[in-house]
Amino acid sequence: MIDKTSPLPIYYQLVEWIKGLIEQGVLQPGDSLPSEREYAERFSISRMTVRQAITELVNSGYLYRQKGVGTFVAEKKIEQQLMGLTSFTEDMKARGMEPSSKLVGFEIVPAPTYISEQLTIQEHAPVYEIKRIRLADGIPMALEKTYISANLVKGLTEEIVQSSLYHHIENQLSIKIDEATQVLESSVATQQEAEYLNIQKGAPILLIQRNTTLTDGTSLEIVKSSYRGDRYKFTITLKR
Ligand code: 16G
């Protein structure tokens, strides 16, 4: 397992070995990892080397540390294809998970200037400001702040936005959603994001901004989503 004559660094061999155990299911999500001392003794390597390997696995989301308790195997990341213009509800259902939303803000406000500009509506025109924690099988995955023109999409209720916004827009209002531009950025969790998403302040976050338009070019929504970096990875297929 650990080959001291190999040109591969020992910490790297340990990383690959532990990854293998996780991928084969020998180590399951929630399992606790042997201590640094146990690994060090077992492979006759230094504790520093073990620590380096564990830190790398924590940083890449395979493991997580709990202060004073130990190191554990993390849940598998959700792999999201960036292909079609889908909703959170559709994405979760497609992978057999139960989507839900916890509403943490829902009001009609005068559009802030940067929002009215992006939605191409009059400055201070009424917009819905919707803040939702999006959950999959009861686990918080993302925090989403949505702006939608209240003159375009009328009659939204707390009940509607607690289930699927896209479903309501398309099926109840017969508004045809066409395309979206998405910008992805890395960030770290603020205190509030950490509380809502049940993660540590400063944990990695993937920020996604989606600007969605209708077939006639009207701007439908400006959405800022903060996805948990430890639970999500995004895949794009590139053709040449
Ligand atoms: C996704 C979209 C968001 C859209 C929402 C509708 C991203 C980054 N964002 O979360 O723009 O408003 O789905 O979901 O994918 P719903 O129909 O489940 O309410």
Side-chain angles (χ1 to χ4, degrees), residues 77-109 111-112 114-115 118-121 127-187 189 193 196-197 199 204-215 217-237:
K77 286 187 182 180
I78 289 182
E79 189 164 351
Q80 175 75 47
Q81 282 272 350
L82 290 177
M83 294 262 282
L85 176 46
T86 50
S87 71
F88 183 83
T89 303
E90 289 164 345
D91 290 341
M92 292 310 120
K93 282 190 174 162
R95 50 173 63 85
M97 298 178 99
E98 188 58 36
S100 61
S101 293
K102 194 166 170 229
L103 201 56
V104 288
F106 180 74
E107 53 182 331
I108 294 184
V109 297
Y114 78 100
I115 292 295
Q118 292 185 61
L119 285 175
T120 49
I121 54 171
V127 287
Y128 289 102
E129 187 187 76
I130 308 158
K131 266 195 185 175
R132 300 185 285 178
I133 302 170
R134 313 300 312 257
L135 305 98
D137 287 344
I139 297 168
M141 293 291 165
L143 179 67
E144 219 162 60
K145 191 174 179 184
T146 308
Y147 285 99
I148 293 189
S149 162
N151 292 326
L152 177 69
V153 177
K154 296 199 171 91
L156 283 184
T157 63
E158 295 199 0
E159 201 186 353
I160 293 167
V161 300
Q162 261 162 344
S163 75
S164 172
L165 193 55
Y166 277 14
H167 184 268
H168 178 79
I169 289 171
E170 293 184 316
N171 297 287
Q172 304 307 129
L173 306 178
S174 301
I175 294 177
K176 184 119 182 45
I177 301 172
D178 187 42
E179 60 174 31
T181 309
Q182 270 188 195
V183 179
L184 282 75
E185 245 179 289
S186 65
S187 184
E193 284 168 337
Y196 284 148
L197 295 174
I199 53 177
I205 286 282
L206 194 72
L207 287 182
I208 303 187
Q209 177 164 326
R210 182 185 282 193
N211 294 21
T212 311
T213 51
L214 308 178
T215 24
T218 309
S219 198
L220 172 71
E221 60 169 4
I222 309 292
V223 187
K224 276 197 176 151
S225 311
S226 309
Y227 281 85
R228 285 175 60 165
D230 63 335
R231 302 305 295 265
Y232 252 89
K233 60 179 171 186
F234 292 85
T235 312
I236 309 173
T237 309

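Start at 1 and go down the list; that is how both ligands and their atoms are numbered. Computation of the quantities below employed the complete heavy-atom set of this structure, encompassing side-chain atoms and omitting hydrogens, waters and symmetry-equivalent molecules.
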task: Report yes or no: do Y147 and E129 form a side-chain donor-acceptor pair below 3.5 Å?
output: yes

At a 4.0 Å threshold, what atoms of ligand 1 neighbour a non-hydrogen atom of [X]?
X: S163; answer: 19 (O)
X: I208; answer: 8 (C)
X: Y166; answer: 4 (C), 6 (C), 11 (O), 12 (O), 17 (O)
X: L165; answer: 16 (P), 17 (O), 19 (O)
X: Q182; answer: 7 (C), 8 (C), 15 (O)

min-distance protein heavy atom vs atom 18 (O) of ligand 1 -> T89 OG1, 2.4 Å

Using a plain distance cutoff, I'd like to know if [X] has any nitrogen or oxygen under 3.5 Å from a nitrogen or oxygen of ligand 1.
X: R134; answer: yes
X: T146; answer: no
X: T212; answer: no

Any heavy atom of Y227 under 4.0 Å from ligand 1? The part involved is side chain

- Task: Say whether Q80 and ligand 1 are in contact under the criterion: heavy-atom distance to a ligand atom below 4.0 Å.
- Result: no

### Message
Using heavy atoms and a 4.0 Å limit, tell me yes or no: is H168 in contact with ligand 1?
### Response
no

